[in-house]
Amino acid sequence: MTIYAGSIVDTPGDPFAGDPADALAETGALLVQDGVIRARGSLAALTAGHPGEPVTRLDGGLLVPGFIDTHVHFPQIRAIGGLGMPLLDWLERCALPEESKLADQEYAREVAAEFLDGMLASGTTSALVFGSHFAAAMDELFGAAEQRRMNITSGLVLSDRILRPDLLNTPETALADSADLILRWHDRGRLRYAVTPRFSLSATDEMLDVCAQLLGKGVWFTSHVNENVAEIATVAGLFPGARHYLDTYRRHGLVTERSVFAHNVHPDDAELATLAEHGASVAHCPTSNCALGSGLFPLRRHVEHGIHIALGSDVGAGAGLFLPKEALQAYFIQQLLGADGLALTPVHLLYLATRAGAQALGLDDRVGDFAVGKDFDAVWLRPAPSSPLDVNLRHASGGTDALARTFALATPADVAQVWVRGQRAAGQDPR
Ligand SMILES: [Zn+2]
């Protein structure tokens, strides 16, 4: 057993459901055994109850739950920074040429390690990962995630039209390759499988039918929806019988409680009602939406419809893997929306970067906050002495104020240590 002591904050509540302040909890210590949180309370109480157990002091900064990224592309870790293009041009010129390179399994192995180590170094311990178009590359990702004991849900990306030919599969090969991957990796340790058509723009009704067959195996589902106006117009032309973009998935039974749709920047009210009715979640990707000029996410309309929202970095369109940066950008976007926006508090930002993701992925019985019984997946954000964040934290008036200053200023350089199920996974040597 180990007792971790410091400024520990998490969001066991839901800040969108009532007074945001009620969603936050602060504590002084956690007792961890075999990677699981066994008790929480003051350091004095835990040391009195468990005398002789070693205490790890995390003095300075904040200890928060491991971040949870609900939309990030593994094959794009080497393609960050392609600015100046809207979605469909960026895919054609920046993302897809890089994704083609993962046909080489050796290349995919290097990329998988860079991607997962990059996430850990940014404090991300769980993720719904948009996979590769190549099955062997998926074996590399799952194998590397298993070694790192990360909570990874991912799947082979499926497309049978419009994209460059080397990225296409047929409905038949998609079904066979996906079924093999599900057998090998789904529910193996902390790994799970997600059926992943790239978007209905690049998937025929036959391919979406295959997705529905695969979803019957009890796995997860993810795809893109309503990211960009040109994309939406193209989808409307490809599916003249669909009521709206989301309907291209709904007609195949792909909008479910186990479905996470990325973006949804331009939904109509019927789409929001459909998402709510089926209990599907939306991954909001703020820096990507800004970088590609996709639009300003209508968070308030999602909340008013009762749709669950979490955060995604959407690397490589997003500007890095560090989820607090996404949370800050989400805050900025809501400010820019004025009366149509939803003013986010620091408690919302922590919730969106942690527990909201766990709920979207059906993992909130295991991770997302520091409740007793959950896995000790944690990030210690401790800034360098005398840095602006260090100065601000020393002048913070309490947990919420410390969070505000952290979300404003923190960078991956402030990730001092990361734990995955109680084991050190990344981080610098203690300063
Ligand atoms: Zn994406």
Side-chain angles (χ1 to χ4, degrees), residues 68-83 85-100 102 111 115 118-119 124 127-133 137-138 141 152-159 162-164 167 194-203 211 220-232 234-235 245-246 248-249 254 259-267 280-295 297 309-323 325-326 329-330 333 357 360-361:
I68 299 177
D69 191 336
T70 59
H71 186 71
V72 56
H73 293 254
F74 133 62
Q76 295 176 9
I77 189 65
R78 297 183 180 183
I80 299 171
L83 303 182
M85 290 167 266
L87 172 67
L88 298 177
D89 293 346
W90 176 83
L91 278 170
E92 183 74 24
R93 289 162 55 188
C94 196
L96 298 184
E98 175 63 23
E99 297 213 8
S100 290
L102 275 80
V111 167
F115 172 74
M119 283 210 291
T124 296
L128 175 57
V129 175
F130 224 86
S132 165
H133 290 265
M138 293 311 301
L141 177 75
I152 296 294
T153 306
S154 189
L156 182 68
V157 179
L158 307 178
S159 290
I162 295 177
L163 303 187
R164 43 194 292 148
L167 293 180
V195 178
T196 310
R198 183 152 208 124
F199 48 177
S200 54
L201 188 151
S202 68
C211 293
W220 286 74
F221 178 85
T222 191
S223 196
H224 297 95
V225 76
N226 288 322
E227 179 173 0
N228 165 289
V229 290
E231 168 213 19
I232 295 166
T234 305
V235 169
Y245 192 159
L246 186 69
T248 63
Y249 301 111
L254 301 174
S259 305
V260 179
F261 290 93
H263 301 301
N264 209 32
V265 177
H266 306 284
S281 296
V282 168
H284 172 32
C285 306
T287 68
S288 167
N289 293 166
C290 293
L292 297 175
S294 300
F297 181 68
I309 302 150
L311 280 184
S313 67
D314 198 23
V315 155
L321 294 165
F322 190 54
L323 272 230
K325 185 191 218 174
E326 297 300 327
Q329 191 72 20
I333 288 172
L361 302 184

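Both counts, for ligands and for their atoms, begin at 1 and track the order of listing.
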- Query: Mind checking whether Ile68 and Leu361 have side chains closer than 4.5 Å, heavy atoms only?
  - Reply: yes

- Message: Arg78: which residues meet the salt bridge (charged side-chain N to carboxylate O under 4.0 Å, His left out) condition with it, sequence neighbours left out?
- Response: Glu110, Glu114

- Message: Using the side chain to side chain contact (heavy atoms under 4.5 Å, CB included) definition, which of the options Asn289, Val225, Asn226, Leu292 pairs with His263?
- Response: Asn289

- Tell me whether His263 has at least one N, O or S atom under 2.8 Å from the Zn ion (ligand 1). no

- Specify whether an N/O/S atom of Cys285 falls short of 2.8 Å from the Zn ion (ligand 1). no

- Task: Could you tell me whether the Zn ion (ligand 1) has an N, O or S atom of Asp314 under 2.8 Å away?
- Result: yes

- His73 NE2 and His224 NE2 subtending at the Zn ion (ligand 1) (10° steps): 100°

- With a 6.0 Å cut-off on ring centres, are Tyr245 and His266 close enough? no

